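Notes to accompany the following structure.
Counting starts at 1 for both ligands and their atoms, following the listed order. Values in this document were obtained by computation on a predicted structure and should not be read as measured data.
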Amino acid sequence: MSQAVAAEVQPPTKTDTQVAEELPKLLARLREAHRRKGPPDEAERLRWLSRIERLMLTNKERIADAISADFGNRSRHETMIAEIFVTVSYIRYVKENLRHWMEAERRHVAFTFFPARNEVLYQPLGVVGIIAPWNYPMQLAMAPLVCAMSAGNRAMLKPSELTPRTSDLLAELLSSQFSDDEVTVVTGGPEVGQAFSKLPFDHMIFTGSTAVGKHVMRAAADNLVPCTLELGGKSPAVIAPDFPIETAAERIIGGKLFNSGQTCIAPDYVLVPEGQVDELVASLKAHAARMYPTLASNPDYSSIVHPRHKARLEKHLEDAAQKGAKLVPINPAGESFEGSPKLEPRLVLGATDEMTVMQDEIFGPVLPILPYKEFGEALDYVNDHPRPLALYIFSHDDRTVQRALRDTISGGVSVNDTMVHFAQDDMPFGGVGASGMGHYHGREGFEALSKKKPVFYQARVNGTALLRPPFGKTLDTAMRFLLGK
Ligand code: NAD
């Protein structure tokens with residue numbers, strides 16, 4: 001572990017109240033710079049993006065150490081994949097496409113307005129506010145920042161208080177690459193978050209829980225700040241009767257145990273044909289044992305971020321057991337988890353909607369398995385619950401896949417796998433209903449943080465005098481021609 005991280009978390013030099021009071025001044029500085037310097041051109045934006053890319057690459061070990069220290073143990077490999085690789089790959093994709101995205105778009109002009117010209121311009125909005133969660137604390141701060149800066153905006157970021165070392169590192173790294181009138185990071189807890197979400201940004205991207213998302217949107221409403229809400233929810237994995245259980249099990253348990261299930265798009269529960277529950281349980285256990293021969297002592301099995309979250313998960317398990325569910329532990333080496341920040345993974349059989357494990361987003365290594373009789377029943381179960389952030393459908397039958405896509409609505413879908421749709425740079429990402437609103441990633445991220453400005457260029461010689469009074473016979477004739485008698 002590097003020296004920078006081995007050190008204890010530094011006590012903050014300012015209280016949350018002091019940070020909260022300073023926020024309007026910080027925003028004013030960013031806004032003033034945006035007005036004074038004007039929208040950055042392509043070269044400037046590419047420089048900004050390259051700085052973020054470089055910062056991620058040259059500090060990847062420090063980032064892995066900081067996140068691991070914050071979690072109590074976070075797999076270095078998971079950090080390299082999900083924080084560094086995903087972000088850098090996205091930056092490279094944005095850099096490749098930026099010129100094309102920034103171009104003004106020619107649009108069609110109706111013959112009645114001919115020979116005028118129409119164009120849509122993509123203009124930076126100004127200053128974007130970004131609130132980030134703890135579960136992928138670098139990537140979920142950086143990806144919105146990349147969107148914001150590619151669209152020519154300045155940004156103010158509030159990372160999570162649950163990963164204080166990573167948040168401090170984020171602040172240090174960004175301030176080493178950007179002046180405080182380009183990017184500002186503020187750290188602190190809910191008090192800072194609340195004050196932050198009341199600021200009159202030009203757009204806000206909030207990534208976090210559905211419950212806090214409601215507060216954020218309420219606060220933003222006072223200033224009519226448009227919000228992209230990247231929220232959570234219960235993402236189902238549906239195994240169709242035709243699909244090999246063995247393969248589905250591998251992909252589901254891999255997605256579930258990555259970051260110990262603390263992923264917004266982790267498969268939350270599985271719907272499986274009723275005759276295949278035992279086979280699925282055996283397969284999930286076998287694949288988990290192959291991927292993680294040990295768990296408690298395995299550096300690639302990540303800890304639960306905070307004792308509060310571990311206690312929350314244990315409460316779900318107790319509640320389920322008390323109400324009649326059977327808990328199946330996954331513990332190939334028979335290790336003790338006593339006093340460990342990690343949680344022993346558990347499969348939950350016989351879960352019902354009366355159990356809290358089926359009411360709340362699980363966000364941990366706990367996997368309820370729900371049997372269904374007919375495929376339509378599985379889709380009905382999904383549709384009877386809030387719209388999920390992700391849906392995983394396992395089938396080699398195209399008609400079955402198309403039916404699932406048509407008859408359910410979710411933020412995104414991976415067919416025959418879990419989670420990988422998130423890492424597709426050229427695709428939008430975002431929830432629907434309770435799992436969020438708006439999109440980022442892909443071209444959609446650039447567009448969401450740009451003003452799409454339609455501009456009409458009138459021609460020197462044109463016929464629009466007809467549309468101004470005094471209205472005459474020529475207009476009546478034109479209207480008869482256009483609209484009929
Ligand atoms: P959270 O909602 O508790 O906190 C997120 C951020 O909001 C933190 O920075 C926090 O300090 C801040 N905050 C807290 N109270 C606030 C308030 N009243 N006003 C403004 N800001 C406030 O979420 P979390 O526990 O950090 O993250 C886990 C949740 O995030 C899960 O529900 C998960 O599904 C979701 N998530 C979604 C995505 C996505 O892309 N859709 C990605 C990761 C996590």
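Using 4.0 Å as the threshold, Gly431 has no heavy atom nearer than that to any atom of ligand 1. Residue contact check for ligand 1: Phe422 places no non-hydrogen atom closer than 4.0 Å to it. Residue contacts with ligand 1: Gly411 is excluded, as none of its non-hydrogen atoms falls under 4.0 Å.
Polar contact check, His309 against ligand 1: no nitrogen or oxygen pair lies under 3.5 Å apart. Taking distance alone, with nitrogen or oxygen atoms compared against 3.5 Å, Val212 stays at or beyond that limit from ligand 1. Residue-to-ligand polar distances place Glu161 within reach of ligand 1: an N/O pair is separated by less than 3.5 Å. Checked against a 3.5 angstrom limit, the closest N/O atoms of Thr210 and ligand 1 fall outside it. Below 3.5 Å of separation, one finds an N or O of Leu231 facing an N or O of ligand 1.
The existence of a salt bridge linking Arg29 and Asp181 is excluded, since no basic side-chain nitrogen approaches an acidic carboxylate oxygen closer than 4.0 Å. A salt bridge between Asp319 and Lys323 is present, with a side-chain N of the basic residue lying under 4.0 Å from a carboxylate O of the acidic one. Ion pairing between a basic and an acidic side chain is recognised when a charged N comes within 4.0 Å of a carboxylate O; Glu83 and Lys60 show no such pairing. Using a cut-off of 4.0 Å between Lys/Arg side-chain N and Asp/Glu carboxylate O, Arg443 and Glu447 are scored as salt-bridged.
Neither the backbone nor the side chain of Ala219 has a heavy atom within less than 4.0 Å of ligand 1. Contacts between Phe196 and ligand 1 below 4.0 angstrom, taking non-hydrogen atoms only, are absent altogether.
For atom 12 (C) of ligand 1, the nearest non-hydrogen atom of the protein is Ile131 CG2, 3.9 Å. Looking at atom 8 (C) of ligand 1, its nearest protein heavy atom turns out to be Ala132 O, 3.4 Å. Nearest protein neighbour of atom 32 (O) of ligand 1, counting heavy atoms only, is Glu361 OE1, 2.6 Å. Protein heavy atom nearest atom 35 (C) of ligand 1, with residue, atom name and distance: Gly208 O, 3.2 Å.
In terms of heavy-atom proximity, Arg51 sits nearest to Phe178 at NH1-CD2, 3.5 Å.
Remark: ligand 1 atoms within the under-4.0 Å shell around heavy atoms of Gln194 are 17 (C), 18 (N), 19 (N), 20 (C). Listed by atom number, the atoms of ligand 1 under 4.0 Å from Leu389 heavy atoms are 41 (N). In the vicinity of Phe363, heavy-atom distances shorter than 4.0 Å reach the ligand 1 atoms 28 (C), 31 (C), 33 (C), 34 (O). Atoms of ligand 1 lying under 4.0 Å from any heavy atom of Phe429, numbered from 1 in the order shown and given with element: 40 (O). Near Asn135, the atoms of ligand 1 lying under 4.0 angstrom from a non-hydrogen atom of the residue are 43 (C), 44 (C). Counting the atoms of ligand 1 from 1 in the order shown, those under 4.0 Å from a heavy atom of Leu140 are 42 (C), 43 (C). Residue-ligand proximity, Thr207 to ligand 1, at heavy-atom distances under 4.0 Å covers atoms 5 (C), 37 (C), 38 (C), 39 (C), 40 (O), 42 (C), 43 (C). Near Trp134, meaning under 4.0 Å from one of its heavy atoms, ligand 1 places the atoms 24 (P), 25 (O), 26 (O), 27 (O).
Here the side chain of Lys256 pairs no donor or acceptor atom with the backbone of Pro345 at under 3.5 angstrom.
Residues Pro137 and Asp70 form no side-chain contact, since every pair of their non-hydrogen atoms from C-beta on lies 4.5 Å or further apart. For the pair Leu370 and Val270, the minimum side-chain heavy-atom distance is 4.5 Å or more. Side-chain contact between Thr228 and Met204: absent, with no pair of heavy atoms (C-beta onward) separated by less than 4.5 Å.
Checking atom 4 (O) of ligand 1 against the protein gives no heavy-atom contact under 4.0 Å.
Listed by chain and residue number, Ser297 satisfy the side-chain hydrogen bond (donor to acceptor under 3.5 Å, both in side chains) test with Glu335 (two or more places apart in sequence, or in another chain).
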Evaluate side chain to side chain contact (heavy atoms under 4.5 Å, CB included) for Met56 paired with Ile63, printing each intermediate quantity in order. CA-CA 8 Å; Met56 296 293 288; Ile63 292 170; 4.2 Å; yes
Step-by-step salt bridge (charged side-chain N to carboxylate O under 4.0 Å, His left out) determination, Asp360 to Arg312: CA-CA 11 Å; Asp360 302 339; Arg312 175 183 63 77; over 6 Å; no
Side chain to side chain contact (heavy atoms under 4.5 Å, CB included) assessment of Thr187 paired with Val19: CA-CA 8 Å; Thr187 55; Val19 175; 5.8 Å; no
CA sep, side-chain torsions, deciding dist, call: Asn259, Arg74, side-chain hydrogen bond (donor to acceptor under 3.5 Å, both in side chains): CA-CA 7 Å; Asn259 203 26; Arg74 152 67 94 75; 2.8 Å; yes
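Distances from atom 1 (P) of ligand 1 to the heavy atoms of Pro144, Gly412, Gly189, Ser209 put Ser209 nearest. Closest heavy-atom approach to atom 36 (N) of ligand 1 among the candidates Pro133, Gly193, Cys264: Cys264.
One distance of note links OH of Tyr90 with CE of Met142; it measures 13.5 Å at 0.5 Å rounding.
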